[in-house]
Undergrad: 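Quick one: structure below, then a few questions.
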Amino acid sequence: MDFLTSTAILPLLFGCVGICSLLKLLQRMRTRAYLRNAVVVITGATSGLGRECARVFYAAGTKLVLCGRNREALEELTRELTAAQVTKVQTHKPYMVTFDLADSGAIGAAATEILQCCGCVDVLINNAGVSYRGSVVDTTMDVDKRVMEINYFGPVALTKALLPSMIKRQQGHIVAISSIQGKISIPFRSAYAASKHATQAFFDCLRAEMEQYDIEVTVISPGYIHTNLSLNALTADGSKYGVMDKTTAQGRRPMEVARDVLAAVGKKKKDVILADLLPSLAIYLRTLAPGLFFSLMASRARKEQKSKSS
């Protein structure tokens, strides 16, 4: 009986493994077909996650439009990409558009330039953003407004500028790189968390409204990533934070997160959390046991305040 059981289980196991492998292969093929030759716009492309997204989407055969404030950095990235040895797919030299998301007047002109040079946008990746460190009582309203302008109003304005062309074609994919702090809030991150909560809400609404036009909307919420985000974060008075937080230093490598972004776009996922176990559990704790969550955040605030005072 044991022999008969084992001889029946082994083929079943091999069959399951084979089916899973086949499904993964088919998914990879669908992703490649979906993205190959697609016009992909990436904001904040010159550093951190945006730079790594540029690399993986370029290697996937997309027609990149790299956006950022620093023209020299965009040109450097373009040279780096075109010099890379990519043999699996045909690659395309990226196009560059220089503008500042904090400058509302420049966004419409940037969208017009993108459409004029490429004809359409298949995927818009709203990646650019700024972080923040400071207490609510010390933070000026100018800082709150600047964080919202860069993290929320800028991406919304660019999305709205490109949306009519997508609706006309009844085709397109809009991606918002949010944060785990778009779902939960932690002390001394008020402006940043507020901007990401607003981002989550806006693109959730947009997803529902765009379904009738076959336009995909994906919100991606990473946890800590090992980038210069905390170094460049704004403080309560608007100056740079200039410190690499321990949590940031221990965060995931940007290339790993970029690959997850590529996979999420290829699979047309709607809402993706790219975080470790504890932050992911905190989302459920906030919903299922809010009192406990609030107590934990209050305790964290006291510890951080004590650490800053000592």
Side-chain angles (χ1 to χ4, degrees), residues 42-55 66-77 80 96-104 106-107 110 125-136 138-158 176-182 185-199 220-258 261 274-275 279 304 307-308:
I42 303 177
T43 65
T46 57
S47 63
L49 179 59
R51 190 180 186 91
E52 299 305 324
C53 281
R55 287 173 177 161
L66 305 175
C67 303
R69 295 176 298 168
N70 188 324
R71 185 72 180 187
E72 291 182 0
L74 289 174
E75 290 173 349
E76 178 190 345
L77 176 59
E80 178 186 320
M96 296 170 288
V97 179
T98 308
F99 70 101
D100 188 347
L101 274 177
D103 182 0
S104 58
I107 294 174
I125 302 179
N126 289 296
N127 165 75
V130 65
S131 193
Y132 153 88
R133 303 288 187 277
S135 68
V136 171
D138 294 330
T139 302
T140 66
M141 283 302 300
D142 286 341
V143 171
D144 284 308
K145 290 177 181 178
R146 180 163 177 76
V147 173
M148 287 296 292
E149 194 70 48
I150 296 171
N151 290 358
Y152 175 70
F153 287 112
V156 166
L158 182 59
I177 305 296
S178 183
S179 166
I180 200 76
Q181 292 182 58
S185 300
I186 62 176
F188 305 107
R189 307 288 193 278
S190 58
Y192 182 75
S195 69
K196 293 303 184 179
H197 271 69
T199 295
I220 298 178
S221 301
Y224 293 110
I225 309 173
H226 191 163
T227 67
N228 291 332
L229 193 66
S230 68
L231 288 171
N232 297 321
L234 296 178
T235 62
D237 62 3
S239 60
K240 280 192 177 182
Y241 184 57
V243 176
M244 175 68 77
D245 288 334
K246 182 179 179 181
T247 50
T248 302
Q250 295 175 345
R252 293 184 65 196
R253 291 170 54 240
M255 177 57 80
E256 294 175 1
V257 180
V261 172
L274 301 177
E304 282 198 40
S307 174
K308 292 175 183 178

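When a residue number appears, it is its place in the shown sequence, counting from 1.
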Undergrad: Show the nearest heavy-atom pair for residues L77 and A45, with the distance to one decimal.
TA: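 Looking at all heavy atoms of both residues, the closest pair is CD2-O, 3.1 Å.
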Undergrad: Which value, rounded to the nearest 0.5 Å, describes the distance between S135 atom OG and R189 atom CZ?
TA: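 Answer rounded to 0.5 Å: 12.0 Å.
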Undergrad: Can you measure from OG (S47) to CG (N228) and round to the nearest 0.5 angstrom?
TA: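 Rounded to the nearest 0.5 Å, the OG-CG separation comes to 7.0 Å.
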Undergrad: Specify the closest pair of heavy atoms between P222 and I177, including all atoms of both residues, with the distance to one decimal.
TA: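 Scanning both residues, the minimum pair turns out to be CG-CG2, 4.2 Å.
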Undergrad: What's the shortest heavy-atom distance between P254 and L49, and which atoms?
TA: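 Residues P254 and L49, closest heavy atoms: O-CD1, 3.7 Å.
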Undergrad: Cut-off 3.5 Å, side chains only: do T98 and R71 have a donor facing an acceptor?
TA: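 On atom types as modelled, these side chains qualify, holding a pair under 3.5 Å.
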Undergrad: Atom CG of N127 and atom CZ of R51: how far apart are they, to the nearest 0.5 Å?
TA: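 So the gap between those two atoms works out to 13.0 Å.
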Undergrad: Would Y224 and R252 count as a side-chain contact (heavy atoms from CB on, under 4.5 Å) here? Give the steps.
TA: CA-CA 6 Å; Y224 293 110; R252 293 184 65 196; over 6 Å; no
Undergrad: Both conditions, 6.0 Å and 45 degrees, for the charged tip of R133 above the ring of F188: are they met here?
TA: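 Not flagged: R133 not positioned over aromatic ring of F188.
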Undergrad: Search all heavy atoms of A128 against all heavy atoms of L101 and return the closest pair with its distance.
TA: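 Smallest interatomic distance, heavy atoms only, reads CB-CD1, 3.5 Å.
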Undergrad: Looking only at non-hydrogen atoms, find the nearest pair between Y132 and A233 and report the distance.
TA: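 Reported closest heavy-atom pair: N-CB, 3.6 Å.
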Undergrad: Check Y241 against S230 and note the closest heavy-atom contact, atom names and distance.
TA: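 Residues Y241 and S230, closest heavy atoms: CD2-O, 3.2 Å.
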Undergrad: Might you work through the side-chain contact (heavy atoms from CB on, under 4.5 Å) test for Y192 and Q181, ending with a clear yes or no?
TA: CA-CA 8 Å; Y192 182 75; Q181 292 182 58; 3.7 Å; yes
Undergrad: How many angstroms lie between CD1 in I220 and OG in S179, if you round to the nearest 0.5 Å?
TA: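 One finds 12.5 Å between CD1 of I220 and OG of S179.
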Undergrad: For the SG atom of C67 and the CG atom of D100, what is their distance to the nearest 0.5 Å?
TA: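 C67 atom SG to D100 atom CG measures 12.0 Å (nearest 0.5 Å).
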Undergrad: Should T235 and K240 be marked as a side-chain contact (heavy atoms from CB on, under 4.5 Å) after you check the CA-CA gap, both sets of side-chain angles, and the distance that decides it?
TA: CA-CA 6 Å; T235 62; K240 280 192 177 182; over 6 Å; no
Undergrad: What do the steps show when you test E80 against R55 for salt bridge (Lys or Arg N to Asp or Glu O under 4.0 Å), and what is the final call?
TA: CA-CA 9 Å; E80 178 186 320; R55 287 173 177 161; 2.4 Å; yes
Undergrad: Working to the nearest 0.5 Å, report the span between CG of L158 and OG of S104.
TA: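 Output value for this atom pair is 12.5 Å.
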Undergrad: Verify whether one side chain among D245 and T247 offers a donor that lies under 3.5 Å from an acceptor in the other.
TA: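 Not at all, the side chains of D245 and T247 share no donor-acceptor pair under 3.5 Å.
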Undergrad: For residues 142-155, dump all side-chain donor-acceptor pairs below 3.5 Å to protein atoms at least two apart in sequence or in another chain.
TA:
unit_1: N151; atom_1: OD1; unit_2: V130; atom_2: N; d: 2.8
unit_1: N151; atom_1: ND2; unit_2: V130; atom_2: O; d: 2.8
unit_1: N151; atom_1: ND2; unit_2: S195; atom_2: OG; d: 3.1

Undergrad: Is it the case that the side chain of H226 and the backbone of Q250 share a donor-acceptor pair, with hydrogens and angles ignored and the cut-off at 3.5 Å?
TA: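 Side chain of H226 to backbone of Q250: no pair is present.
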